[in-house]
Amino acid sequence: TLTLNQMTVVRSIVGGIELQPLATIEKLSPTVTSLVLEAIAQNTSGSVFEPEDGSTVEVTGSPTEKAILSWGLELHMKFAVERSKSAIIHVSPFNSEKKRGGVAVTGRDSDVHVHWKGAAEIVLALCTNWLDVDGSAHEMTPDKANHFRNYIEDMAEQSLRCVAFAYRDLDPNDIPSEEQRINWQLPDNDLTLIGIAGMKDPCRPGVRDAAELCTNSGVKVRMVTGDNLQTARAIALECGILTDPQASAPVIIEGKVFRAYSDAEREAVADKISVMGRSSPNDELLLVKALKKNGHVVAVTGDGTNDAPALHEADIGLSMGIQGTEVAKESSDIIILDDNFASVVKVVRWGRSVYANIQKFIQFQLTVNVAALIINVVAAISSGNVPLNAVQLLWVNLIMDTLGALALATEPPTDQLMKRTPVGRREPLVTNIMWRNLFIQAVYQVAVLLTLNFRGRDLLHLTKDTLEHSSKVKNSFIFNTFVLCQVFNEFNARKPEELNIFEGVSRNHLFLAVVSVTVVLQVIIIEFLGKFTSTVKLSWQLWLVSLAIAFVSWPLALVGKFIPVPQTPLKNLILKCWPKGKNQGDEGAAPPV
């Protein structure tokens with residue numbers, strides 16, 4: 001996810017010496033050369049296809065296998081020839097828990113070799129001997145083990161992934177029969193170290209910027225990997241996940257250490273962890289569970305079958321579309337088609353955009369509902385007549401639901417969204433800022449339109465007309481002004497928190513189209529569909545007054561955004577102010593339910 005998944009061997013130690021350059025196999029004795037090529041060709045899940053016409057050789061397999069097989073080709077390995085020199089007796093596939101895989105092969109001279117390949121420091125710990133450049137085996141003394149360990153750490157600090165190759169001879173009499181080989185555990189003791197290869201997997205372009213963007217937006221990026229701690233540290237520093245080169249536990253921790261903690265201890269250190277190395281799939285699952293218990297919303301990326309439990313347990317599982325297995329994809333919620341971490345940032349951007357757009361639409365919808373409800377209810381109770389009839393309310397409802405949703409729910413994501421902190425799991429959908437904006441606009445619309453409803457004949461100079469005609473003009477004017485207020489308020493709803501409500505509006509063609517269609521249809525309704533909507537034509541002066549009243553909602557919204565709002569959600573504030581009742585025989589106050 002963080003790297004290009006295009007590994008190449010850039011450093012290697014074979015027969016106790018570092019090959020400079022990689023293909024200097026001439027320094028090695030025939031015995032060492034034979035063993036290292038046998039280990040590469042036989043202990044692999046990949047394959048090499050060498051066309052007879054001499055065209056480009058094709059290497060297949062996982063990125064690790066492809067890198068090792070390509071290194072073998074640099075060592076002048078003929079894959080088909082090496083495979084024909086010995087026959088595979090039994091295979092022990094790579095195990096993510098043990099971090100190694102093995103194979104038993106028998107040669108033409110009936111010698112049996114058990115080859116192991118895996119995490120360098122783990123394979124090294126199983127070795128009791130090491131192979132010299134001349135093919136002789138020497139005892140693995142503590143000093144020599146430290147010498148190889150320093151090589152591994154030096155490679156790891158260069159963000160190289162280290163793989164060690166080791167083997168042992170096996171007595172043919174110790175080989176079980178074919179029926180018993182199904183459960184045969186290949187011996188992994190008394191191994192002889194053949195060599196160590198360091199593979200480089202470059203970071204993807206843009207990963208560092210993406211990680212920094214996530215951090216700035218309040219998303220904590222944690223790296224859980226099977227690589228050793230030094231390699232994990234180097235890659236995390238290169239990708240910007242880790243900022244302190246001297247970071248120590250629990251910021252950077254080994255999987256087995258985290259695994260050994262109790263549940264309470266894991267929950268205590270989970271928040272501090274940035275990098276976990278040498279982890280098993282179960283360690284990843286334990287980390288996800290600990291973070292969720294601490295109240296975090298957790299997203300997990302993974303590509304293997306072993307990642308499936310963590311992908312399923314996480315709030316959001318993101319699997320890899322290219323390298324991901326079908327099991328991982330089935331367990332995930334989102335598939336990243338390009339296997340790139342930068343795409344995770346797109347997921348965050350669009351997720352926040354959808355959430356923000358829903359909030360915008362709710363704020364707009366609630367304002368329309370509250371204003372229309374109060375205007376009609378107050379007018380009906382006080383005078384028995386309503387200024388907005390059923391057909392007009394149907395048109396308002398169309399603006400509010402269909403056209404409003406099209407206009408506001410299709411706002412594209414902006415960089416401003418990535419500067420916000422994440423929304424808490426239990427935070428209300430309607431925030432205090434939305435309540436403030438809603439209250440200001442609704443109060444303004446209700447105050448103006450109710451004033452027009454009761455004093456409209458005088459204010460609009462309609463006293464000289466008949467009562468019936470003046471009432472129709474007044475109600476048409478109220479309806480027109482109310483609709484135009486919603487059109488202007490639609491711009492306010494685009495930016496509930498920002499002062500500039502017009503930023504990016506020219507790029508949202510659908511929003512402009514919806515507003516334009518709404519205005520055009522409103523003009524048609526007032527001027528030409530009076531019989532259908534029970535309205536009359538308005539003079540140009542009244543149109544200007546309607547526009548002026550609706551326009552006031554823009555400066556009003558601007559001023560309103562300077563009014564501070566409390567951080568505590570409105571619901572909690574109401575509950576705090578709610579009078580506490582007392583139960584009979586109970587001196588303690590019972591909180592409201």
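Computed over heavy atoms, backbone and side chain alike; hydrogens, waters and symmetry mates excluded.
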Check whether any side-chain heavy atom of [X] lies under 4.5 Å from a side-chain heavy atom of [Y], and answer yes or no.
{"X": "Leu291", "Y": "Arg222", "answer": "yes"}
{"X": "Leu538", "Y": "Ile526", "answer": "yes"}
{"X": "Leu242", "Y": "Val251", "answer": "yes"}
{"X": "Leu229", "Y": "Arg278", "answer": "no"}
{"X": "His312", "Y": "Pro309", "answer": "no"}

Pair [X]-[Y], side-chain donor/acceptor within less than 3.5 Å:
{"X": "Gln416", "Y": "Glu503", "answer": "no"}
{"X": "Asp283", "Y": "Ser280", "answer": "yes"}
{"X": "Ser274", "Y": "Lys220", "answer": "yes"}
{"X": "Asp271", "Y": "His296", "answer": "yes"}

Would a distance-only check, ignoring hydrogens and angles, find a side-chain to backbone donor-acceptor pair under 3.5 Å from [X] to [Y]?
{"X": "Asn294", "Y": "Glu267", "value": "yes"}
{"X": "Asn216", "Y": "Met418", "value": "no"}
{"X": "Glu238", "Y": "Ser159", "value": "no"}
{"X": "Asp339", "Y": "Gly321", "value": "yes"}
{"X": "Arg266", "Y": "Ala290", "value": "no"}
{"X": "Asp307", "Y": "Gly302", "value": "no"}
{"X": "Ser476", "Y": "Val536", "value": "yes"}
{"X": "Asn489", "Y": "Asn492", "value": "no"}
{"X": "Asp303", "Y": "Gln323", "value": "no"}
{"X": "Thr231", "Y": "Asp227", "value": "no"}

Calculate, to the nearest 0.5 Å, the distance between atoms [atom1] and [atom2] belonging to [X] and [Y] respectively.
{"X": "Leu452", "Y": "Ile375", "atom1": "CG", "atom2": "CD1", "value": "9.5 Å"}
{"X": "Phe361", "Y": "Phe364", "atom1": "CZ", "atom2": "CZ", "value": "8.0 Å"}
{"X": "Lys561", "Y": "Arg436", "atom1": "NZ", "atom2": "CZ", "value": "8.0 Å"}
{"X": "Leu429", "Y": "Met434", "atom1": "CG", "atom2": "CE", "value": "6.0 Å"}
{"X": "Leu2", "Y": "Thr225", "atom1": "CG", "atom2": "OG1", "value": "9.0 Å"}

Aromatic ring pairing Phe551/Phe488, orientation class (parallel under 30°, perpendicular over 60°, tilted between): perpendicular
Salt bridge present between Lys537 and Glu527 (N-O < 4.0 angstrom):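 Salt bridge: no.
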Glu411 and Arg494 ion-paired at < 4.0 Å: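 Judged by the 4.0 Å cut-off on N to carboxylate O distance, Glu411 and Arg494 do form a salt bridge.
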Centroid separation Trp395 to Phe532 less than 6.0 Å: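 No, ring centres 6.0 Å or more apart.
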Single hit among Thr481, Asn475, Asn480 for side-chain contact (heavy atoms from CB on, under 4.5 Å) with Phe477: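 Of Thr481, Asn475, Asn480, side-chain contact (heavy atoms from CB on, under 4.5 Å) with Phe477 is met by Thr481 alone.
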